[in-house]
Amino acid sequence: MRVDRTRIEGPVVSGFSGRGFRVDDGVYDGLILTPTRADGWSPPPLAELTVADFAPLLAMDPLPEFLILGTGTTLRRPPAALEAALPFGIEPMDSRAAARLWGVLRAELRGVAAALYPLD
């Protein structure tokens, strides 16, 4: 995957490394992305994911349009209770697809967030 850094504001996933993601000068296994930040993330198993796991996203002002949820090497659905409890929608997909979609939507300056499970 190759991303043109000059067209995107904020953190960019520039590639994959082992089970993680390369962002600028760092490599992260799990990752939370906002338009201004990239932070390492150690998520619980998907079935145990709660609203509290997204505290940094809930503190955003404005809230993200929606959350791109990368669920690892395969697409899996998050708990229905989590989807109902969050004040924004969730678009689950495998983590590689989520990283690529992040770049496309940020190039459009969309106010989205992403949470990516490791590529295990």
Side-chain angles (χ1 to χ4, degrees):
M1 176 179 83
R2 188 154 157 68
V3 175
D4 181 1
R5 180 69 168 120
T6 60
R7 294 180 34 205
I8 301 174
E9 294 179 11
V12 174
V13 178
S14 60
F16 307 104
S17 178
R19 46 180 258 137
F21 309 91
R22 189 173 306 113
V23 178
D24 299 327
D25 294 329
V27 175
Y28 304 87
D29 283 347
L31 181 62
I32 289 202
L33 294 159
T34 70
T36 59
R37 297 181 54 106
D39 294 303
W41 186 45
S42 297
L46 189 63
E48 298 171 20
L49 201 57
T50 68
V51 172
D53 295 304
F54 299 109
L57 307 181
L58 295 168
M60 288 175 61
D61 185 24
L63 287 172
E65 294 176 43
F66 61 91
L67 171 67
I68 304 165
L69 180 62
T71 59
T73 55
T74 60
L75 165 64
R76 295 176 290 154
R77 297 290 314 177
L82 172 67
E83 290 188 78
L86 286 172
F88 42 78
I90 299 176
E91 291 295 329
M93 59 193 68
D94 72 76
S95 290
R96 286 180 188 266
R100 289 188 295 271
L101 181 59
W102 169 260
V104 169
L105 295 177
R106 286 305 302 147
E108 296 174 356
L109 300 178
R110 298 280 301 272
V112 297
L116 308 178
Y117 272 78
L119 300 166
D120 48 11

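Nothing fancy with the numbering, it's 1 onward along the sequence.
- Linking Ile, Leu, Val, Met, Phe, Trp and Tyr residues whenever their side-chain heavy atoms come within less than 4.5 Å places M93 and V112 in a single cluster.
- Under a hydrophobic clustering in which Ile, Leu, Val, Met, Phe, Trp and Tyr are joined whenever their side-chain heavy atoms come within less than 4.5 Å, directly or via other members, I32 and F66 fall into different clusters.
- Checking each of L101, V23, D24 against V13 for a side-chain contact (heavy atoms from CB on, under 4.5 Å) leaves exactly one that passes, namely V23.
- Sorted by first then second residue, the salt bridge (charged side-chain N to carboxylate O under 4.0 Å, His left out) pairs that include residues 32-45, not counting sequence neighbours, are R37-D39.
- Legend: ring pair (Phe, Tyr, Trp, His ring centres under 6.0 Å) pairs involving residues 73-120, not counting sequence neighbours, sorted by first then second residue: W41-Y117.
- Screening residues 111-120 for salt bridge (charged side-chain N to carboxylate O under 4.0 Å, His left out) gives no qualifying pairs among residues at least two apart or on separate chains.
- Counting only residues at least two apart or in different chains, salt bridge (charged side-chain N to carboxylate O under 4.0 Å, His left out) contacts with residues 44-59 are absent.
- Looking at L33 and F21, their side chains never come closer than 4.5 Å, going by heavy atoms from C-beta outward.
- Alongside L75, the hydrophobic cluster contains no other residue (criterion: ILVMFWY side chains under 4.5 Å).
- Grouping the Ile, Leu, Val, Met, Phe, Trp and Tyr side chains by contacts below 4.5 angstrom, directly or via other members, places L63 with L57.
- In this structure, the side chains of L69 and P78 come closer than 4.5 Å at one or more pairs of heavy atoms.
- In terms of hydrophobic clustering, with Ile, Leu, Val, Met, Phe, Trp and Tyr side chains grouped at heavy-atom distances under 4.5 Å, V27 and L116 are assigned to different clusters.
- Sorted by first and then second residue, the salt bridge (charged side-chain N to carboxylate O under 4.0 Å, His left out) pairs involving residues 67-78 (not counting sequence neighbours) are R77-E83.
- Between P35 and P64 there is no side-chain heavy-atom pair separated by less than 4.5 Å.
- The cluster map of Ile, Leu, Val, Met, Phe, Trp and Tyr, joined by side-chain heavy atoms under 4.5 Å apart, puts F54 and Y28 in different clusters.
- With a 4.5 Å cut-off on side-chain heavy atoms, S95 and F16 do not count as touching.
- Here the closest heavy-atom approach between residue G70 and residue A98 is recorded as CA-CB, 3.7 Å.
- Counting heavy atoms from C-beta on, the side chains of V12 and R106 never come closer than 4.5 Å.
- Between G72 and L119, the closest heavy-atom pair is O-CD2, 4.2 Å.
- Side-chain contact between L82 and V51 is present, with heavy atoms from C-beta onward closer than 4.5 Å.
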